[in-house]
Amino acid sequence: MSDAEELAGGKLLLDRPAEAVARLRLDNPAKRNALDHDVLDAIAAVMPRLDDGIEVRCVIVTGSGEMFSAGYDIGDIPDESFESDAEALVAHPFAAAMDAISAHPFPVVAAINGHCLGGGLELAVRCDLRICADGAKLGMPPARLGLIYGHTGLRRFIDVIGVARTKELFLVGRNIEAARAERIGLVNDVVAAAEIESAALELAGRIAANAPLASRGNKRAIETLASFDRLAPGQEAELVALRASCFASEDFREGVRAFGEKREPRWRGR
């Protein structure tokens, strides 16, 4: 990590651990990698930077130490400004950071290295894929804190695990083990804690090795279909045009040639 770029005063680190892979690491163990204004603003600012042609084709988000993230950093807000400051944190920088994760055109992988709670769990759910260390616990504590969660965040959970499991997470408020998180679809895979970093890099490498136009196009189509129960005519036409565009691309022809010649393709992103 010596060559990592320090963001948010060193509480967020950016490095490039593999070809076409960028990694964001929450690095504030003293605060259990909590999401404060600095970290959230840095996430919102750096994600568009990583949309750089085909230089970055997969982003990993992970944590340092034994924690992925404990969520919002609201514990030190003074009583006299709690209402305004807590609402400001949750309403603006958090929403901007989550939207930046969701809007990234290439796949984003959450490597949940340890406990993942509250806003930290929404950050993971905003990613496209999630792998989780076997000792991690995941949970949503709003019911225990008196917080009514934002509807955009709740929608993401419903999209991932359905209404019944979202109600369980938010109305019961207990943490769940990694194995159960996998059974209900909250995470895609569970690996040994010692292997979480290498497993994330292997997964990200596989994603980054795929055709960039296909990665972007398939993600965009899936997001569109998941966001609307019924497509408007313009949206359906856009998806049809998106699929048709691949047939005219250099990369599609290169992919077919490389498959036939049993070699690795040389992607151009066009």
Side-chain angles (χ1 to χ4, degrees), residues 8 11-12 24 26-45 47 61-103 108 110 112-128 130 132 136-178 180-181 184-187 226-227:
K11 292 180 285 189
L12 182 69
L24 290 173
L26 301 167
D27 189 37
N28 189 12
K31 284 282 192 175
R32 303 200 302 163
N33 296 335
L35 304 173
D36 60 17
H37 277 270
D38 293 338
V39 170
L40 293 168
D41 286 344
I43 292 173
M47 290 303 294
V61 181
T62 192
S64 293
E66 298 179 356
M67 196 88 186
F68 180 81
S69 176
Y72 303 133
D73 186 15
I74 58 176
D76 294 333
I77 298 177
D79 286 344
E80 58 270 19
S81 62
F82 183 86
E83 179 180 350
S84 59
D85 289 356
E87 184 177 8
L89 174 66
V90 173
H92 175 63
F94 184 78
M98 297 304 102
D99 288 347
I101 295 284
S102 296
V108 182
I112 304 172
N113 57 296
H115 299 338
C116 182
L117 308 172
L121 184 54
E122 184 182 342
L123 188 159
V125 166
R126 290 286 185 138
C127 298
D128 299 292
R130 288 160 293 283
C132 185
K137 292 184 179 181
L138 298 80
M140 267 292 170
R144 302 201 308 271
L145 300 176
L147 174 67
I148 299 173
Y149 211 76
H151 68 281
T152 54
L154 289 169
R155 167 56 65 187
R156 281 285 168 170
F157 281 90
I158 290 171
D159 288 344
V160 170
I161 58 174
V163 172
R165 299 304 191 187
T166 298
K167 285 183 176 180
E168 178 186 343
L169 270 184
F170 282 85
L171 301 184
V172 179
R174 65 168 173 247
N175 297 336
I176 62 175
E177 306 286 344
R180 184 151 191 275
I184 68 173
L186 188 57
V187 301
S227 299

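Predicted model only: the values in this text are computed from it and were never measured. Both backbone and side-chain heavy atoms feed into the values below; hydrogens, waters and symmetry mates do not.
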Is it true that atom CD1 of Ile148 has more than 12 heavy atoms of other residues, nucleotides or ligands lying nearer than 6.0 Å?
no
In terms of the angle between their ring planes, are Phe94 and Tyr72 parallel, tilted or perpendicular, with boundaries placed at 30° and 60°?
perpendicular
Donor-acceptor pair, side chain of Asn113 and main chain of Thr62, under 3.5 angstrom:
no
With rounding to the nearest 0.5 Å, note down the distance linking OG1 in Thr166 to OH in Tyr149.
11.5 Å
Do Val39 and Leu26 have side chains that get closer than 4.5 Å, going by heavy atoms?
yes
Can you tell me how far the CG atom of Leu24 sits from the CE atom of Met47, to the nearest 0.5 Å?
6.5 Å
Going through the checks in order, is the salt bridge (Lys or Arg N to Asp or Glu O under 4.0 Å) test met by Asp38 and Lys11?
CA-CA 8 Å; Asp38 293 338; Lys11 292 180 285 189; 3.1 Å; yes
Backbone N or O of Pro93 within a donor-acceptor pair of the Asp41 side chain at under 3.5 Å?
no
Can you list everything that forms a ring pair (Phe, Tyr, Trp, His ring centres under 6.0 Å) with Phe157? Sequence neighbours excluded, please.
Phe170
Asp27 side, atom CG; Leu12 side, atom CG - distance, nearest 0.5 Å
8.5 Å
Any side-chain to backbone donor/acceptor pair from His115 onto Lys137? Under 3.5 Å, distance only.
yes
The reported gap from CD1 in Ile161 to CZ in Arg156 (rounded to nearest 0.5 angstrom) is 13.5 Å
May I ask you to say whether Arg180 pairs ionically with Glu168, meaning some side-chain N is under 4.0 Å from a carboxylate O?
yes
So does Arg174 have more than 12 non-hydrogen atoms from other groups sitting under 6.0 Å from CZ?
no
Mind checking the CG-SG spacing from Leu186 to Cys132? Nearest 0.5 Å is all I need.
8.0 Å
Distance only, no hydrogens: is a donor on one side chain within 3.5 Å (strictly under) of an acceptor on the other, for Asn33 and Ser69?
no
Would you mind reporting whether Val61 and Leu123 have side-chain heavy atoms less than 4.5 Å apart?
yes
Least distance between heavy atoms, Cys116 atom then Leu121 atom:
SG-CA, 3.4 Å
Restricting to non-hydrogen atoms, name the atom on Ala42 and the atom on Ala8 that form the minimum distance, rounded to 0.1 Å.
CB-CB, 3.9 Å
d(Ile43 CD1, Met98 CE) to nearest 0.5 Å is 5.5 Å
Closest non-hydrogen contact found for Ile101 with Val108 is O-CG2, 4.2 Å
Does some side-chain heavy atom of Arg130 sit less than 4.5 Å from a side-chain heavy atom of Ile112?
yes
How far apart are the closest heavy atoms of Ile184 and Arg165, and which atoms are they?
CG2-NE, 3.6 Å
